[in-house]
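Whatever order the structure lists ligands and atoms in, that order sets their numbers, starting from 1.
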Amino acid sequence: MAGAEPLPFSFMDHCWILIGMMGAGKSSVGRALADLSGRPFWDTDQMLQIKLGRSISQIFQVYGEDAFRDHETCLLKSLTAESAVLSTGGGIVLREANWSELARLGTTIYLRAKPDTLIERLESSKKKRPLLLVDDWQNRLKALLELREPLYLQADIVVDMDDENVNSAAEAVLNAIRKVESD
Ligand code: S3P
């Protein structure tokens with residue numbers, strides 16, 4: 001007897017995972033995308049703060065960046081693939097081991113933005129970024145972006161954020177996902 005046809009990937013539970021630099025809009029666009037699609041919104045930084053009972057800045061201060069990355073990987077491993085929107089910390093792409101977890105969890109979407117766009121958004125953001133607590137943080141940001149860009153480009157989908165507001169960006173992301181998932 002012939003077995004049932006396997007369900008296409010788009011019908012299986014899987015996350016839409018937003019990756020990209022600090023200031024790219026992963027959290028704000030992620031929330032708007034969650035509203036638009038009716039999916040729950042998850043955020044790795046938020047989950048880590050709840051798990052460790054400290055802000056991201058405090059986690060960096062008390063435990064250091066390596067320990068923060070360990071916790072990040074551990075958290076990713078603990079997640080199950082569900083129909084959620086998952087926003088991640090900008091450095092999630094740095095650890096090789098995280099990529100197999102991201103692939104297990106779902107579709108990765110790189111929210112790509114130019115340095116000037118990121119700088120403008122970070123200037124008006126209230127969120128503290130421990131990696132940017134230096135005088136020439138703009139150059140630090142540019143250096144980090146240069147280093148990480150090839151990693152971000154490993155995403156399944158790339159969506160440019162420069163000319164978008166939060167709602168139009170969420171729509172652009174949803175359209176890009178639908179296009180890829182209907183192929
Ligand atoms: C980091 C980005 C932050 C946070 C931590 C490290 C990074 O998240 O995870 O400060 O390495 O880029 P956002 O990208 O949401 O700012």
Looking only at protein heavy atoms, which one is nearest to [atom], and how far off is it?
atom	value
atom 6 (C) of ligand 1	Phe60 CZ, 3.9 Å
atom 16 (O) of ligand 1	Arg129 NE, 2.9 Å
atom 4 (C) of ligand 1	Asp45 OD2, 3.1 Å
atom 2 (C) of ligand 1	Gly90 N, 3.3 Å

Report, in ascending order of atom number, the atoms of ligand 1 lying under 4.0 Å from any heavy atom of [X].
X	answer
Phe68	9 (O)
Ile56	5 (C), 10 (O)
Pro130	10 (O)
Gly89	8 (O), 9 (O), 14 (O)

inquiry  = Just to be sure I'm reading this right: ignoring hydrogens, which of Arg69, Lys127, Glu72, Arg148 gets closest to atom 15 (O) of ligand 1? Compare them by their nearest heavy atoms.
reply    = Lys127
query = Which one of Lys26, Gln46, Met21 has a non-hydrogen atom at the shortest distance from atom 14 (O) of ligand 1?
reply = Lys26
query = Do the charged groups of Glu72 and Arg69 touch, with an N to O distance under 4.0 Å?
reply = yes
ask   = Heavy-atom contacts under 4.0 Å between Glu65 and ligand 1: side chain, backbone, both, or neither?
value = neither
inquiry  = Below 4.0 Å, non-hydrogen atoms only: which portion of Leu131 touches ligand 1? Side chain, backbone, both or neither.
reply    = side chain
Test item: [X] and [Y] side chains (from C-beta on) under 4.5 Å apart, heavy atoms:
X	Y	result
Arg31	Lys26	no
Asn98	Lys77	no
Thr107	Ile157	yes

Mark yes or no for whether [X], through its side chain, and [Y], through its backbone, hold a donor-acceptor pair below 3.5 Å.
X	Y	result
Asp162	Lys114	yes
Ser83	Asp13	no
Thr117	Ala113	no

note = Between Leu102 and Ile17 the two heavy atoms that sit nearest each other are O-CD1, 3.4 Å
